[in-house]
Amino acid sequence: MTESLFGQVEAFAGDPILSLNDSFKADPRTEKVNLSIGVYTDENGRIPVLGAVKAAYERTGFAERPYLPMEGHALYREGVQKLVFGDRHPARTEKRIATIQTLGGTGAVGIAADFLAKHCPGRTVLVSDPTWENHHGLFQRAGFKTATYPYWDRVNRSVDFDGMVKALEAAENGSIVVLQPVCHNPTGVDLDERQQAAITDVLVAKGHIVVFDMAYQGFGTDLDADAAFVRRYAERASCVVANSFSKNFSLYGERCGGLSIVCRNADEAERVLGQLKLAVRRSYSSPPMTGGLLVATVLGDDSLRAEWAREVGIMRDRMDAMRKRLADAIRALSNEIDVDFLTTQRGMFSYTGLSAEQVDAMRERDGVYLVGSGRMCVAGLNEANVPKVAKSFVEAIQAQK
C-alpha cells in the first residue's frame with residue numbers, strides 16, 4: 001500500500017471509567033466488587049427490569065417499527081415535559097417549551113451543545129469542579145472553550161457555595177453555565193433550596209444561559225422534589241434542560257433521554273423546535289423506537305406511571321440503606337474515620353475523599369473498584385459485599401497514616 005492517510009492518527013487512551021469497567025470484567029477474582037461505573041444494580045448485583053417497563057413492553061409487542069420523527073415520539077415528548085416541569089407549569093400551559101427525544105442524557109447534552117454553538121457562539125461554558133468529564137468533551141466538540149466554577153469543598157465534603165457564587169458573578173455576562181440540579185455526579189452533594197434561590201438570582205442578573213443536566217431524577221428525594229430547582233428556575237428565565245431515563249427507567253442500552261428548551265413565547269418555542277430537529281437530522285436523523293415506546297407508554301398511563309414511581313422509590317431507598325449500612329460497618333471497624341458524608345450525600349455516587357493511591361490499593365489488594373478520583377457508585381453495594389468494602393476502605397486509610 002501507499003503511505004496511509006491516517007498514519008498520524010493518535011491512539012485513543014480510552015475513557016477512564018469505561019476502561020476501569022473493562023479491567024473489572026477481566027479480573028479473575030470471584031469476590032471482586034464494582035463500585036466504579038454509574039449503573040444501578042439490585043441486591044443480587046443485577047440490572048433490574050422494572051415491572052412497569054415490562055408491562056409496557058407486553059403492551060407494545062412487536063408492531064412495525066418505522067422511523068420516528070426527528071423530534072421523537074409525540075407522547076414521549078409530552079411525558080418528558082410533564083415529568084420535568086410538572087403538568088401545570090406556566091411554560092407548559094403557554095406552550096413555551098421545545099422538547100425532543102434524544103439518545104440518552106449524553107445525546108441531550110450533545111444536541112444542546114450543538115444548538116448553542118450555532119445560535120450562541122463564542123461564549124465560555126462553565127461546569128462545576130469536579131463534574132462528569134463528558135461535560136467538557138461534549139461542549140468542546142461543539143467548538144466551545146470550557147472552564148470551571150468551584151463546587152466541591154474537600155475539607156468539609158460539601159458545596160463550596162461562596163466560591164461558586166463569586167465565580168458566577170465574575171463570569172462574563174451571558175456565559176453558558178452547566179448545573180446538575182440533583183444527585184450531583186461525582187460528589188453526591190447538592191445545593192439546598194436557599195442556595196438554589198441565591199444562585200438563581202445571580203444567574204438571572206448576569207444573563208447566563210443555564211443548561212440543567214438532570215440524569216438522576218427520582219434518586220434524591222422523589223420525582224417532583226428532585227425537579228423543583230428546574231421548575232422554579234423555568235418560571236423566571238429561559239433555560240435548557242437535559243434529562244435521562246437510563247437510570248430511573250433502568251433502560252441503559254435503549255438510550256432514552258430528553259432535551260427541553262424553555263422559551264419566551266410559543267412562537268419562539270416552535271422555531272427552536274425546528275432548529276433542534278435540524279440538529280438531530282444532521283447528527284443521527286431520528287431516535288430509537290423501542291425505548292421511546294416503552295417510556296411513552298409508562299408515562300402516558302396513570303397506573304403504569306404510579307407503579308414506575310414506586311419502583312424508583314425502591315431503588316432510591318435501597319441506595320440510602322446501603323449508604324447507612326456501609327457507614328455503620330466502617331464505624332464498627334474504626335471510630336477514627338469520619339463517614340458521616342456517606343449519609344448526607346445523595347444519589348448514586350459518593351465522593352469518598354480517598355486518594356488515587358488509596359483507590360489503587362483497594363483495587364489491587366482487594367478487588368474493590370472505585371474511580372481514581374475516589375468516586376464510589378453506592379448502587380453497586382449490597383448486603384453481601386458491604387463488609388468487604390468497609391474493611392478495604394479502613395485498611396486503605398490506615399495504611400497511609
Side-chain angles (χ1 to χ4, degrees), residues 16-17 19-46 129-130 151-160 183-190 216 219-220 315-401:
I17 297 177
S19 296
L20 190 61
N21 194 54
D22 291 339
S23 297
F24 173 82
K25 292 178 181 178
D27 191 328
R29 288 174 287 189
T30 58
E31 299 299 317
K32 59 188 178 180
V33 182
N34 192 358
L35 305 177
S36 59
I37 194 165
V39 173
Y40 177 89
T41 52
D42 61 19
E43 180 61 27
N44 298 311
R46 300 189 182 95
D129 179 20
Y151 190 84
W152 172 246
D153 180 341
R154 177 176 293 275
V155 174
N156 299 305
R157 289 194 177 100
S158 62
V159 174
D160 180 4
C183 299
H184 184 273
N185 177 11
T187 69
V189 297
D190 295 330
Y216 308 99
F219 282 1
M315 291 191 285
R316 179 180 64 247
D317 291 346
R318 197 188 82 78
M319 288 186 286
D320 289 345
M322 288 300 101
R323 286 179 177 276
K324 184 178 185 303
R325 179 75 178 83
L326 179 60
D328 289 344
I330 292 172
R331 291 190 188 104
L333 295 171
S334 172
N335 57 14
E336 298 179 357
I337 300 175
D338 179 11
V339 288
D340 289 346
F341 67 91
L342 281 169
T343 54
T344 57
Q345 295 171 0
R346 305 198 302 167
M348 290 186 69
F349 303 115
S350 173
Y351 226 40
T352 62
L354 293 170
S355 67
E357 293 75 18
Q358 290 168 326
V359 169
D360 288 345
M362 292 175 68
R363 181 180 68 253
E364 294 169 6
R365 183 186 62 234
D366 304 317
V368 176
Y369 283 70
L370 278 70
V371 178
S373 65
R375 190 196 79 172
M376 173 176 63
C377 180
V378 299
L381 294 170
N382 55 49
E383 289 292 341
N385 65 32
V386 159
K388 177 183 179 68
V389 174
K391 182 174 181 291
S392 182
F393 189 102
V394 171
E395 290 178 352
I397 291 177
Q398 291 178 339
Q400 288 200 351
K401 284 188 175 181

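Both backbone and side-chain heavy atoms feed into the values below; hydrogens, waters and symmetry mates do not. Throughout, numbering of the chain's residues begins at 1 and tracks the sequence.
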*Which atom pair, heavy atoms only, marks the closest approach of Gln345 to Ser350?*
OE1-OG, 2.7 Å
*asked:* Quick one, Thr41 and Asn34 - any side-chain contact, counting heavy atoms below 4.5 Å?
replied: no
*Donor-acceptor contact present, side-chain Arg323 to main-chain Phe341, <3.5 Å*: no
*asked:* Suppose the criterion is ring pair (Phe, Tyr, Trp, His ring centres under 6.0 Å): which pairs have a residue in residues 25-44, not counting sequence neighbours?
replied: none
*Using the side-chain contact (heavy atoms from CB on, under 4.5 Å) rule, take Leu370 and Thr352 through it: C-alpha gap first, then chi angles, then the decisive distance, then the call.*
CA-CA 10 Å; Leu370 278 70; Thr352 62; 4.2 Å; yes
*With Ser23, which residues qualify under side chain to side chain donor-acceptor pair (under 3.5 Å), at least two apart?*
none
*asked:* A side-chain contact here means heavy atoms from C-beta on lying under 4.5 Å apart; do Gln398 and Glu336 qualify?
replied: no
_Test salt bridge (charged side-chain N to carboxylate O under 4.0 Å, His left out) applied to Arg363 - qualifying residues, sequence neighbours left out_ = Asp360
*Given side chains that start at C-beta, do those of Pro186 and Met348 come closer than 4.5 Å, heavy atoms only?*
no
*State which residues pass salt bridge (charged side-chain N to carboxylate O under 4.0 Å, His left out) with Asp190; sequence neighbours excluded, sorted by chain then number.*
Arg346
*asked:* Checking Arg29 now: which residues fulfil salt bridge (charged side-chain N to carboxylate O under 4.0 Å, His left out) with it, not counting sequence neighbours?
replied: Asp27
*Go through the steps to decide whether His184 and Val159 satisfy the test side-chain contact (heavy atoms from CB on, under 4.5 Å), and finish with yes or no.*
CA-CA 10 Å; His184 184 273; Val159 174; over 6 Å; no
_Residue list, side chain to side chain donor-acceptor pair (under 3.5 Å) with Asp340, at least two apart or on another chain_ = Arg331
_Pairs touching residues 357-383 that satisfy ring pair (Phe, Tyr, Trp, His ring centres under 6.0 Å), sequence neighbours left out_ = Phe24-Tyr369
*Does Asp320 have any salt bridge (charged side-chain N to carboxylate O under 4.0 Å, His left out) partners at least two apart in sequence or in another chain, and if so, which?*
none
*Which residues pass the side chain to side chain donor-acceptor pair (under 3.5 Å) test with Asn156, sequence neighbours left out?*
Asp153
*Heavy-atom closest contact (Gly380 atom, Asn385 atom, distance)*: O-ND2, 3.1 Å
*asked:* Please determine whether side-chain contact (heavy atoms from CB on, under 4.5 Å) holds for the pair Val371 and Val359, giving the CA-CA distance in whole Å, both sets of side-chain angles, and the decisive distance to 0.1 Å.
replied: CA-CA 7 Å; Val371 178; Val359 169; over 6 Å; no
*Name all pairs fulfilling the ring pair (Phe, Tyr, Trp, His ring centres under 6.0 Å) condition that reach into residues 343-367, sequence neighbours left out, sorted by first residue then second.*
Trp152-Tyr351, Tyr216-Phe349
*asked:* Could you measure the distance from the CE atom of Met319 to the SG atom of Cys377? Nearest 0.5 Å is fine.
replied: 8.0 Å
*Tell me, please, which residues at least two apart from Lys324 pass side chain to side chain donor-acceptor pair (under 3.5 Å).*
Asp328
_Keeping Glu43 on the side-chain end and Glu383 on the backbone end, is there a donor-acceptor pair under 3.5 Å?_
yes
*Do we see a donor-acceptor contact under 3.5 Å between the side chains of Asn44 and Asn382?*
no
*Could you pull out the closest heavy-atom pair between Val39 and Ala379, with the gap in Å?*
O-CB, 3.8 Å
*Please indicate whether Glu364 has more than 12 foreign heavy atoms, meaning atoms of other residues, nucleotides or ligands, lying under 6.0 Å from its CD.*
yes
*side chain to side chain contact (heavy atoms under 4.5 Å, CB included) with Arg375: which of Thr187, Asn185, Leu354?*
Asn185
*Taking C-beta and beyond as the side chain, do Leu326 and Val389 meet within less than 4.5 Å on heavy atoms?*
yes
*With side chains defined as the heavy atoms from C-beta onward, is the minimum distance between Val368 and Leu35 less than 4.5 Å?*
yes
Compile the donor-acceptor pairs under 3.5 Å between side chains in residues 390-397 and protein atoms, sequence neighbours left out, one pair per line.
{"from": "Lys391", "atom 1": "NZ", "to": "Glu395", "atom 2": "OE2", "distance (Å)": "2.7"}
{"from": "Ser392", "atom 1": "OG", "to": "Asp366", "atom 2": "OD2", "distance (Å)": "2.6"}

_Between Arg157 and Thr344, is the side-chain contact (heavy atoms from CB on, under 4.5 Å) condition met? List the steps._
CA-CA 10 Å; Arg157 289 194 177 100; Thr344 57; over 6 Å; no
_To the closest 0.5 Å, what do you measure between CZ (Arg325) and OG1 (Thr343)?_
14.5 Å
